[in-house]
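Residue numbers begin at 1 in each chain, while the letters A, B, ... track the order of the sequences. Values below: every heavy atom of this structure, side chains too, minus hydrogens, waters and symmetry copies.
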Amino acid sequence: MSAQAADIRAAQLRLQEAGQELRRLPAAERIAALQQLLDALADPLGAFQSACTEQLASHAGFHPETIRAGLRLALEDWNGSALAALIENEVGDPANLDSRAASPLSAFPLTGCILAGSIPMPTLQALLLPLLLGSPVLVKPAGRDRVTPKLFARSLAKFHPLLARCIEICDFASDDAPAIDAFVQLPCLVASGSDATLERIRERTPSGQRFVGHGHRLSLAIVGADVEAEDWAERAARDVALWDQLGCLSTAAVYAVGDRSRVEAVARALAEALRSLEARWPRGRIGAGVEAAIRDARDEARFRAAAGQEVALMAPDDDAFTVVLEPASDWRSTPLHRFVRVYRVATPDEARVALLPLGSHLAAVSVDGVAIDTAGDSPDFEAKLRAAGASRVVAAGGMQAPPFGWHPDGGPLLAGLSPRGLRSTRA
Amino acid sequence: MTQKTSRAALDSEILEWMRETPWQHDETRFDSLALRLFAHQFEACVPYARYCRSQGSVPGEVASWRDIPTVPTGAFKEVRLAGFDPASTCKIFRTSGTSIARRGELHLDTLALYETSLEASLRRFVFPDLEGGERMTIRVLAPSAQEAPDSSLSHMFDRALEIFGDESSGHDLEDTKLCVENFLAAVLRSRHANRPLAICGTAFAFVHLLDEIEERGSAGLELPTGSRVLETGGFKGRSRSVSRPDLHAMIGERFGLPGSHVLNQYGMTELGSQFYDGPLQEEGAPPGKPTPPWTRVRLIDPGSGDDVGPDRTGMIVIHDLANTGSVAAIQTADLGRFTAGSVDERFEILGREPGAEERGCSIAADSMLETGT
């Protein structure tokens, strides 16, 4: 057994003991403490956002101003009222969260969270929800964000020391097999990461164990032919620039409706908006591999343009951002890190069809001006996007501020975390 | 002004160089051939010429091979990058991919340069101990060229079998399935006869093979002295990946091979030449892949495009004179580093740095498409 595996076992025992106390707490007390916590996290001038900004900048490479803006926007409405709304939507009477109640939702004795990435919001949600149900949490932090879980636990301790004792952080290398094997024995396992990572964890999880996988996803934008390009671009650029386009709610690509000149105007407006945002929210550090991927993708665009394809590259001399105007809707790979392809489509429905192959990995779609364009089609365009896999459909500029109760699958958040709830095993 | 040389004359000069032993790096000879080949390709391959013009680089104004415009490998997915009449095509190699993802194509009107380059490198780096027509048993963990006619990898392994393989050689992967029984029988035969065995295959096939062996609990698979492994390819689109050092350690441990006898080959469909680890050819050689004399490797700063200095990481750019029929100057998205003390002549592959997925929860959609979702 590795030292980390032994640490996991010891933490498990401590958490199970703390969990017994936790479940004796009235649900109202748990809920109130978590509401206070969320209100504190939502404060842009509060200790959590300040520390998170400073520490995440050095850990994850984002520019502090980008983090500050991302936290402010995303957490603005993640407050105590949002938690109350979630409970009302998914549980009904908050008393149903009491362990004594014959609740449709109960708590696992312990929940393990394997975190990934470096965007704080999914981490906050992953830690808070099991506590809400009454389950202590053992956390393996993401390699690029060891900050958020610590800050969350520290903030919680100020409001409710017992709840704070119900979170422990256990860091171990992702190739430490004994530690992974110890971790996957936990009664409920919530894991984030790439499909391959989730598959590897799932393979090691004992059969019959609850496994909740949150795979990587992407989001897209659709902009109609009559939308004022500059106004749209200013909003869409924020969706791209926040978290350097690395969140699952970041706009990875744009489908613009119209002829060549209209779509070129949209692309140019987006490039201009990204250029001016760069001054406010500079893109963070990137490694040589990402630099190489951006250069490669830009050179490929230059080659295609020289070969006579209707491709246009709009980018500064450095690699702060890139916009590539694409002549058709065929998907092309993207290095992200503020690299956006603007695909030309004849109709909104062509965009919808183009994103069908991405369906199971789709998170959100921003839609602007579609109702104006396609009167006959518009009443159910949103429904069609949802059927294609999008669990959020919003206007550009709102992508990075999901409601607290949003689940990437579009379903409830709590059911998968409860022994009596539905199993959620999507990778 | 660069002197015009016919394609046939260029082919002949380059083939002659490939056949020479010992290998001699000759900057003047390379420069002359590269510039004349550039002039020919500029004239013969219209999409390449357009690209060069857009970059402001045309023959006659390019002073050194280092200044010849390079095309990104993605260009091979976009247009037919060939400098000959399509009717003369004898072979098209295609990159792997799904029905959704585009596939790159290398069009060839002759296999002479490809195969001569291949044989020279295999003889030097993988089978340096086979003399005078000597052969050894080679088991291949990849489909045959008959099964995968557009795979350059299958073609390469089949040529290795033809040139260096004995009658017990063959493939242990058919219909995308590993034939583990066949493979283990070959290992046993090699052990009983105390005759070294060569195993060639893709990195992913080796991982799959090692998993299968582990699952079966097969033991006693240490191979006779002189046995060797050649692995190539990455893990793109696979559900499981293993770092190259870990894979080599696992292979070495399972088959009882020293590190010097577990080799990696770096190649790509778009290239006519490949690059191999060198320890079998040169005992105690520093890590890295020596470049054949008819190739040059540049490592560039992705931001500026300038050459990086020794010990610095850069994007790998390859100038391969074996690519006479298409474009010789190719920019990859891979990262590499020159091995200390051997700038230009030996380099290490660092692969592609994990990017977006490490930092966020957005998926790079090419991965998504590669996994066929």
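- When all heavy atoms of B:Ala333 and A:Ala292 are compared, the closest pair comes out as O-CB, 3.9 Å.
- Residue B:Glu212 places its CD atom among more than 12 non-hydrogen atoms of other residues, nucleotides or ligands, all under 6.0 Å distant.
- Taken to the nearest 0.5 Å, the CD atom of B:Gln331 stands 5.5 Å off from the CG atom of A:Asp296.
- Residue-environment remark: NE2 (B:His208) stays at or below the threshold of 12 foreign heavy atoms within 6.0 Å.
- Remark: B:Thr313 engages no residue in a side-chain hydrogen bond (donor to acceptor under 3.5 Å, both in side chains) (not counting sequence neighbours).
- Looking at A:Arg298, neither its backbone nor its side chain comes within 4.5 Å of chain B, counting heavy atoms on both sides.
- Contacts between B:Ile316 and chain A at a heavy-atom distance below 4.5 Å are absent for every atom of the residue.
- Chosen from B:Pro302, B:Ser304, B:Gly305, B:Gly74, the residue pairing most often with chain A at heavy-atom distances under 4.5 Å is B:Pro302.
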- [ ] Under the side-chain contact (heavy atoms from CB on, under 4.5 Å) rule, what do A:Arg295 and B:Ile300 come out as? Steps first, then yes or no, please.
- [x] CA-CA 11 Å; A:Arg295 181 186 180 93; B:Ile300 62 165; 3.7 Å; yes
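- Here A:Glu300 contributes atom CD and B:Thr73 contributes atom OG1; the two are 7.5 Å apart, rounded to the nearest 0.5 Å.
- In this structure, A:Asp317 places its CG atom where only 12 or fewer heavy-atom neighbours from other residues, nucleotides or ligands lie under 6.0 Å away.
- Heavy-atom minimum distance, B:Ser54 versus A:Ala306: OG-CB, 3.8 Å.
- Summarising the geometry, atom NZ belonging to B:Lys77 is positioned 13.5 Å from atom CZ belonging to A:Phe303; distances are rounded to the nearest 0.5 Å.
- Residue A:Asp318: no heavy atom, backbone or side chain, is found under 4.5 Å from chain B.
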- [ ] Report the C-alpha separation of B:Glu78 and A:Arg302 in whole Å, then their side-chain angles, then the decisive distance to 0.1 Å, and conclude whether the salt bridge (Lys or Arg N to Asp or Glu O under 4.0 Å) test is met.
- [x] CA-CA 12 Å; B:Glu78 302 298 333; A:Arg302 289 187 183 103; over 6 Å; no
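- When B:Pro47, B:Ala75, B:Cys52 are compared by the number of non-hydrogen pairs under 4.5 Å with chain A, B:Ala75 comes out ahead.
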